[in-house]
Amino acid sequence: MKKSLITFLLSLFLSCLYGQTKEYINVWSFTYEVPEMIELYKTTHPEFKYEISTTIVTTLDDAYQFALDQALMNGGKDAPDIYTAEVAFVLKYTKGDMQEYAMPYADLGIDVAKAIKDGGVAAYTVDIGTNTKGEVNALCYQATGGAFIYRRSLAKQVLGTDDPAKVAELIGAGTGEWDKFLAVGQKFKDAGIALVSGDEDMWHAVENSAEKGWVVDGKLYIDPKREAFLDIAKKLKDDDLSNNTRFWWDAWFDDIKGEGKKPCFGFFGPAWLINYTLAQNCGGTKVGEGTFGDWAICPSPVGFFWGGTWIFANAKMADEKKDAVKNLIEWITLDTSTDGLQYQWANGFMNEEGTKDTVGLGTVMAKSDGTLPFLNGQNMFDTFIQANRAANGRNLSEYDEIINLIWLYQVHDYVSGVKSRAEAIADFKVAVADKLGLEY
């Protein structure tokens, strides 16, 4: 009895001296974005009792997926409670082999249908985040619907206007076709201006306009709209409508600055392409420097998205953590209030630079200030709300990243005259079968 009392008193003394044993929520990701969001949540929610244990693993060579899979399968106290996946491999965790480890949001206690409706959640993000049972088990904090981002001065020179509504009509925005866009390219060519920097600038839009994905019923499938990219890319080259660059080449960045072989009219992409690529490489930081301020956006001829990160809860987490994880995920992905992550992210309150970004909730963007000096004061949310609605989330496969690389390699061989159209398609089928075991 005496020994037990001594032990209790010693335990009480050590507890007072060093504090109570800390409880942790384990967060796994491939960037620090989500962990930093959670740290912000903690500062504004002092009642939150958990510490955060963060594990960041690079996505290079599939290192993140391998480590995450092992951690989920091994389980235990160190297993992820919250984890993320990007669009390149997200289907593996929402609909594929690893979906059993994801807890449906409804099982956390979230009224998912109501929250999605009230928030105006981008439908494509819901489609991607829904498992094979029809349950939502992941959502995005950032929506990446794409638009056409163009140079105002070049639009005025060739089209006689830089007004987004008029430019949208002239390029066939929302038609689901490329006829008008490619036709207007001839006018830019006649003026010595490239319609786009290179064929890859159109690929994400073309890819995401497909009705079906690369894999249908376990076999390789070539959607007619994706196959048509062979003809689009060939036309851009043969009709001299581009500067024949590729993503991330020096020449591609020269086109952003207005220092390319020919002036470049525009690029296709989401808000992150504006914020972190075009604005960062335009040759200036205020109007009059480089191409800064000489840009506008309008809807694309076809709906598409590019990128995104989905947030998951571990189905096997300890029961006592569920409420805390629910609160975090709701605050990050579904909170429409001005105190939620979505509003703060949209309005640039999350960083010192004040960078505004598109978010998963359309209702939040509708009440936010999306004006950008880079776009000469245009409110980008007006266009990106439409873009998020137009994007398709039902034409993806687990193997898109690999198959796209193989496809573009064959497209480039065809466009450059190394192969015929038929040879490029045939070699594509062989390469996919060799790499992934998927027969056509």
Side-chain angles (χ1 to χ4, degrees), residues 87-89 91 146 172 176-183 185-186 189 194-252 255 261-262 264 266-269 300-307 392 394-440:
V87 68
F89 52 84
L91 290 194
E177 304 292 340
W178 291 104
D179 296 350
K180 279 191 172 183
F181 183 76
L182 293 172
Q186 185 62 47
K189 175 189 174 181
L195 180 63
V196 291
S197 184
D199 55 38
E200 290 183 359
D201 287 288
M202 293 181 64
W203 168 241
H204 282 288
V206 173
E207 174 202 6
N208 199 232
S209 69
E211 297 298 324
K212 298 180 181 180
W214 283 121
V215 181
V216 177
D217 297 329
K219 293 185 177 181
L220 177 67
Y221 175 80
I222 304 176
D223 189 277
K225 291 186 177 180
R226 288 177 176 169
E227 183 175 338
F229 184 64
L230 287 161
D231 307 314
I232 292 171
K234 193 77 161 59
K235 181 175 180 62
L236 290 174
K237 176 73 169 8
D238 291 352
D239 291 359
D240 194 27
L241 300 181
S242 80
N243 280 337
N244 297 312
T245 70
R246 295 187 189 175
F247 278 144
W248 321 125
W249 281 12
D250 288 345
W252 187 76
D255 282 346
K261 182 172 64 174
K262 295 185 293 186
C264 178
F267 300 81
F268 288 91
S300 164
V302 301
F304 73 102
F305 74 94
W306 181 4
N392 180 5
R394 297 182 178 180
N395 56 11
L396 276 67
S397 81
E398 294 184 48
Y399 312 103
D400 284 2
E401 189 172 29
I402 296 171
I403 296 177
N404 283 339
L405 288 174
I406 296 172
W407 176 247
L408 288 175
Y409 182 86
Q410 298 301 328
V411 170
H412 293 148
D413 273 1
Y414 167 59
V415 169
S416 62
V418 174
K419 298 176 181 178
S420 69
R421 193 179 191 280
E423 288 171 335
I425 293 174
D427 288 349
F428 169 68
K429 295 175 182 177
V430 171
V432 171
D434 289 346
K435 183 72 174 180
L436 298 171
L438 292 169
E439 300 293 336
Y440 181 74

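Being a predicted model, the structure only gives us computed values, none of them experimental.
Side-chain atoms of N395 and D223 include no donor-acceptor pair closer than 3.5 Å. Side chains of D255 and N243: a donor on one and an acceptor on the other come within 3.5 Å.
With rounding to the nearest 0.5 angstrom, the CG atom of L91 is 7.0 Å from the OG atom of S397. Here E227 contributes atom CD and Y221 contributes atom OH; the two are 9.5 Å apart, rounded to the nearest 0.5 Å. Note that CD1 of I403 is 10.5 Å distant from CD of E398, once rounded to the nearest 0.5 Å. One finds the NZ atom of K234 at 9.5 Å from the CG atom of D239 (value rounded to the nearest 0.5 Å). In this structure, OG on S209 lies 10.0 Å from CZ on F304, to the nearest 0.5 angstrom. To the nearest 0.5 Å, the span separating NZ on K189 from CG on L236 amounts to 11.5 Å.
Here the shortest heavy-atom pairing between G146 and S300 reads O-CB, 4.3 Å. Residues V415 and A233 approach most closely at CG2-CB, 3.6 Å, considering heavy atoms. Between A210 and N392, the shortest heavy-atom contact is O-ND2, 3.2 Å. Considering every non-hydrogen atom in both T245 and A251, the closest pair reads CG2-CB, 3.7 Å. Heavy atoms only, all atoms of each residue included: S197 and C264 are closest at N-SG, 3.3 Å.
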Next on the checklist: Evaluate V206 against I232 for side-chain contact (heavy atoms from CB on, under 4.5 Å), listing each step before the verdict.
Outcome noted: CA-CA 9 Å; V206 173; I232 292 171; 4.0 Å; yes
Next on the checklist: Determine whether N244 and K261 satisfy the following criterion, side-chain contact (heavy atoms from CB on, under 4.5 Å), listing intermediate values before the conclusion.
Outcome noted: CA-CA 10 Å; N244 297 312; K261 182 172 64 174; 4.2 Å; yes
Next on the checklist: Could you go through N404 and W203, starting from their C-alpha distance and side-chain angles, then the distance that decides it, and tell me whether this counts as side-chain contact (heavy atoms from CB on, under 4.5 Å)?
Outcome noted: CA-CA 9 Å; N404 283 339; W203 168 241; 3.4 Å; yes
Next on the checklist: Set out, in order, the CA-CA distance, both residues' side-chain angles and the distance that settles ring-ring contact (aromatic ring centres under 6.0 Å, His included) for Y409 and Y414, then state yes or no.
Outcome noted: CA-CA 9 Å; Y409 182 86; Y414 167 59; over 10 Å; no
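Within the 4.5 Å cutoff, side-chain heavy atoms of V87 are placed close to those of F305. Residues M202 and W178 form a side-chain contact, since some pair of their non-hydrogen atoms from C-beta on lies under 4.5 Å apart. No side-chain heavy atom of W407 sits under 4.5 Å from any side-chain heavy atom of D400. Counting only heavy atoms from C-beta outward, the side chains of F267 and W252 approach each other to under 4.5 Å.
For CD of E401, the number of neighbouring non-hydrogen atoms (other residues, nucleotides, ligands) closer than 6.0 Å is 12 at most. Within a 6.0 Å radius of CZ in F247, more than 12 heavy atoms belonging to other residues, nucleotides or ligands are found. Under a cut-off of 6.0 angstrom, the local environment of CZ in F229 is crowded, with over 12 non-hydrogen atoms contributed by other residues, nucleotides or ligands.
Using a 4.0 Å cut-off between a side-chain N of Lys or Arg and a carboxylate O of Asp or Glu, K262 and D240 qualify as a salt bridge.
R226 forms a cation-pi arrangement with W214, by the criterion of a distance under 6.0 Å to the ring centre and an angle within 45° of the ring axis.
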Using atom types as modelled, flag every donor-acceptor pair under 3.5 Å from a side chain in residues 423-440 to any protein atom, sequence neighbours excluded.
{"unit_1": "E423", "atom_1": "OE1", "unit_2": "S420", "atom_2": "N", "d": "2.8"}
{"unit_1": "E423", "atom_1": "OE1", "unit_2": "S420", "atom_2": "OG", "d": "3.4"}
{"unit_1": "D427", "atom_1": "OD2", "unit_2": "K419", "atom_2": "NZ", "d": "2.9"}

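Within the structure, salt bridge (charged side-chain N to carboxylate O under 4.0 Å, His left out) contacts touching residues 197-206 (residues at least two apart or in different chains) do not occur.
For E211, the salt bridge (Lys or Arg N to Asp or Glu O under 4.0 Å) partners two or more places apart in sequence, or in a different chain, are K225.
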